[in-house]
Amino acid sequence: MSISARFPIAEAASARFPAAEASLFRHVADAAGSVDWGYMHAQPELVHGADAVYSPCFSIRLLDDMKRVQERIRRELAADADPRAGIRHFVLGSEADVFNLGGDLALFSRLIRENDRERLLDYARLCIEVAFNLYRLHEDRVHSIAVIQGDALGGGFEAALCCHTIIAEAGTGMGFPEVLFDLFPGMGAYTFLTRRVSPAQAEHMMLNARVYPVEELLRMGVVDQVVPRGCGLQAAHDTIKRNQRMGNALRAMNTVRQACRPVSLEELLSVTTEWVDAAMRLSDRGLKTMDRLVRAQQRRAGSAALNLALA
């Protein structure tokens, strides 16, 4: 059963924005239909207005746009009944100067202060749907690749971890800042990080607020490849070319991985429900810290927009 069939409320939320409207997620499929390139933070000026300061985080709008593309790809795969069909690749990148700064902290702060647990839970569930799709979009048919060309923080780090392969450009960083406002990363961090490091190491990384250089993450086994600045997308092309020669093996490994170390939607939803409950318990001190991080993100986004305009 598809995720959308199991969560009709979330599916209805994804229908808020007609496909013809400007999207924050640019999707490009190759001519052969074997590779889907998805770029977060596309054309924010068309979505939010030319004068708005766009924060490259996981807004509801971005999540809706990503989920819509994922569902389209799932339908295409489901319509292809050829049992010998090869592997399909889904590449996740960004058009901003960062990969993703994580959850929508401004939304979190507002919903917590309004004591609106249900809307916060709806947001968390949408995050989990998108994350689970990155890991297992349709049975064994998809291999996902994250291309990190700028910092990936909080939910941005989690999104990368959901992918089967992580390619990062030198000089970028990844980490979980949530503990700064007394929360933990609850959108897949523990589930997917413990597939790459020990549970003890994963907990340490989730609670120390450190932004790790990708070069260190490569040595730890968290990142699969580090390439020079500007070479991330080419590295993804090269990886796809190699993978296409062993598509049958990759499909089999997807099945083996799920059989031996399964990732279930139920597990991810259970963790994110605990995250929502923890968020609703945040003190005023934690919320004030969250607000300061929101302002820091806005300043960073405004500075990036100014630099782009002057270039």
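Please read all numbers here as calculations on a predicted model, not as lab measurements.
In this structure, Phe90 CZ and Asn133 CG are separated by 8.5 Å, a value rounded to the nearest 0.5 Å. Between Gln70 atom CD and Arg75 atom CZ the span is 11.5 Å, to the nearest 0.5 Å. Atom CG of residue Leu137 and atom OG of residue Ser144 lie 8.5 Å apart, to the nearest 0.5 angstrom. Ser109 contributes atom OG, which lies 11.5 Å from atom CZ of Arg292 (distance to the nearest 0.5 angstrom).
Using a 4.0 Å cut-off between charged side-chain N and carboxylate O, Arg125 and Glu118 make no salt bridge. In this structure, Asp65 pairs ionically with Arg68, as a charged nitrogen and a carboxylate oxygen lie closer than 4.0 Å. Residues Asp291 and Arg113 are paired through a salt bridge, judged by an N-O separation under 4.0 Å between the basic side chain and the carboxylate. Contact check on Arg117 versus Asp277 returns a salt bridge, with a Lys/Arg side-chain nitrogen under 4.0 Å from an Asp/Glu carboxylate oxygen. For Glu76 and Arg88, the salt-bridge test passes: some basic side-chain N is under 4.0 Å from an acidic carboxylate O. A salt bridge links Asp284 and Lys288; the closest N-O separation between the charged side-chain nitrogens and carboxylate oxygens is under 4.0 Å. One finds a salt bridge joining Glu274 and Arg281 here, because a Lys/Arg side-chain nitrogen approaches an Asp/Glu carboxylate oxygen to under 4.0 Å.
Paired with Cys57 under the rule side chain to side chain contact (heavy atoms under 4.5 Å, CB included), one option of Asp104, Leu105, Leu62 passes, and it is Asp104.
Counting non-hydrogen atoms of neighbouring residues, nucleotides and ligands closer than 6.0 angstrom, the CZ atom of Arg261 exceeds 12 such neighbours. Heavy-atom contacts from other residues, nucleotides or ligands closer than 6.0 Å to CZ of Arg229 number more than 12.
Ala159 approaches Phe99 most closely through the heavy-atom pair CB-CE2, 4.5 Å. Cys127 and Leu63 get closest at one heavy-atom pair: SG-CD1, 3.6 Å. Of all heavy-atom pairs spanning Ala152 and Ile148, the tightest one is CB-CG2, 4.3 Å. Smallest separation of non-hydrogen atoms from Gly173 and Asp151: N-OD1, 2.9 Å. The two residues Ser55 and Gln297 have their closest heavy-atom pair at OG-OE1, 3.4 Å.
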### Message
Run the side chain to side chain contact (heavy atoms under 4.5 Å, CB included) test on Met220 and Arg196 for me, step by step, so that the C-alpha distance in whole Å, both residues' side-chain angles and the decisive distance to 0.1 Å come before the verdict.
### Response
CA-CA 8 Å; Met220 294 168 62; Arg196 293 175 177 262; over 6 Å; no

### Task
Determine, stepwise, if the pair Phe58 / Met40 fulfils side chain to side chain contact (heavy atoms under 4.5 Å, CB included).
CA-CA 9 Å; Phe58 277 118; Met40 298 180 288; 3.8 Å; yes

### Query
Given the rule in the side chain to side chain contact (heavy atoms under 4.5 Å, CB included) test, do Gln298 and Val294 qualify, once you have shown the distances and angles that lead to the verdict?
CA-CA 6 Å; Gln298 291 172 340; Val294 170; 3.8 Å; yes

#### Entry: Stepwise salt bridge (charged side-chain N to carboxylate O under 4.0 Å, His left out) test for Glu216 and Arg210
CA-CA 12 Å; Glu216 182 177 348; Arg210 184 181 169 208; 2.5 Å; yes

### Task
Please report the C-alpha distance between Arg195 and Leu161 in whole Å, then the side-chain angles of each, then the deciding distance to 0.1 Å, and finally whether the side chain to side chain contact (heavy atoms under 4.5 Å, CB included) criterion is met.
CA-CA 9 Å; Arg195 267 63 180 175; Leu161 289 168; over 6 Å; no

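In this structure a side-chain-to-backbone donor-acceptor pair under 3.5 Å is missing from Arg136 to Val263. Between the side chain of Glu215 and the backbone N or O of Gly171 there is at least one donor-acceptor pair closer than 3.5 Å. Between the side chain of Asp224 and the backbone N or O of Ile166 there is at least one donor-acceptor pair closer than 3.5 Å. At least one donor-acceptor pair closer than 3.5 Å links the side chain of Thr273 to the backbone N or O of Leu269.
When the side chains of ILVMFWY residues are joined at heavy-atom separations under 4.5 Å, either directly or via intervening members, Tyr212 and Leu153 end up in two distinct hydrophobic clusters. In the hydrophobic cluster analysis, where Ile, Leu, Val, Met, Phe, Trp and Tyr join through side-chain heavy atoms closer than 4.5 angstrom, Leu107 is grouped apart from Leu101. In the hydrophobic clustering of this structure, Leu134 groups with Leu126; members are Ile, Leu, Val, Met, Phe, Trp, Tyr whose side-chain heavy atoms approach within less than 4.5 Å, directly or through other members. There is no path of hydrophobic side-chain contacts, each under 4.5 Å, that joins Leu77 to Met253. One hydrophobic cluster, built from ILVMFWY side chains closer than 4.5 Å, cannot hold both Val211 and Val222; they sit in different ones.
With hydrogens and angles left out, the side-chain atoms of Asp36 and His89 include no donor and acceptor closer than 3.5 Å. In summary, the side chains of Ser23 and Gln43 do not present any donor paired with an acceptor at a separation below 3.5 Å, with no hydrogens or angles considered. Under 3.5 Å, the side chains of Asp30 and Ser34 contain a donor-acceptor pair of N or O atoms. Under 3.5 Å, the side chains of Asn254 and His143 contain no donor-acceptor pair of N or O atoms.
The closest side-chain heavy-atom distance from Leu183 to Phe176 is not below 4.5 Å. Taking 4.5 Å as the limit, some side-chain heavy atom of Leu120 sits within range of a side-chain heavy atom of Ile112. Residues Arg119 and Arg110 form a side-chain contact, since some pair of their non-hydrogen atoms from C-beta on lies under 4.5 Å apart. A heavy-atom distance below 4.5 Å is not found between the side chains of Asn100 and Pro56. Inter-residue side-chain proximity for Gln258 and Tyr135 is flagged as met; some heavy-atom pair is nearer than 4.5 Å. For the pair Ile87/Val142, no side-chain contact is recorded, criterion being any heavy-atom separation below 4.5 Å from C-beta on. Using a 4.5 Å heavy-atom cutoff, the side chains of Pro185 and Tyr190 are not in contact. Residues His164 and Arg257 are in side-chain contact: their nearest non-hydrogen atoms beyond the backbone lie under 4.5 Å apart.
Proximity of the aromatic rings of Phe108 and Trp275 is defined here by a centroid distance below 6.0 angstrom, and this criterion is met. For Tyr54 and His41, the gap between ring centers is short of 6.0 Å.
With sequence neighbours left out, Arg295 forms a salt bridge (Lys or Arg N to Asp or Glu O under 4.0 Å) with no residue at all.
In this structure, Leu233 belongs to a hydrophobic cluster whose other members, linked by side-chain heavy atoms under 4.5 Å apart, are Val28, Val35, Trp37, Tyr39, Val91, Ile145, Val147, Ile167, Val227, Ile240.
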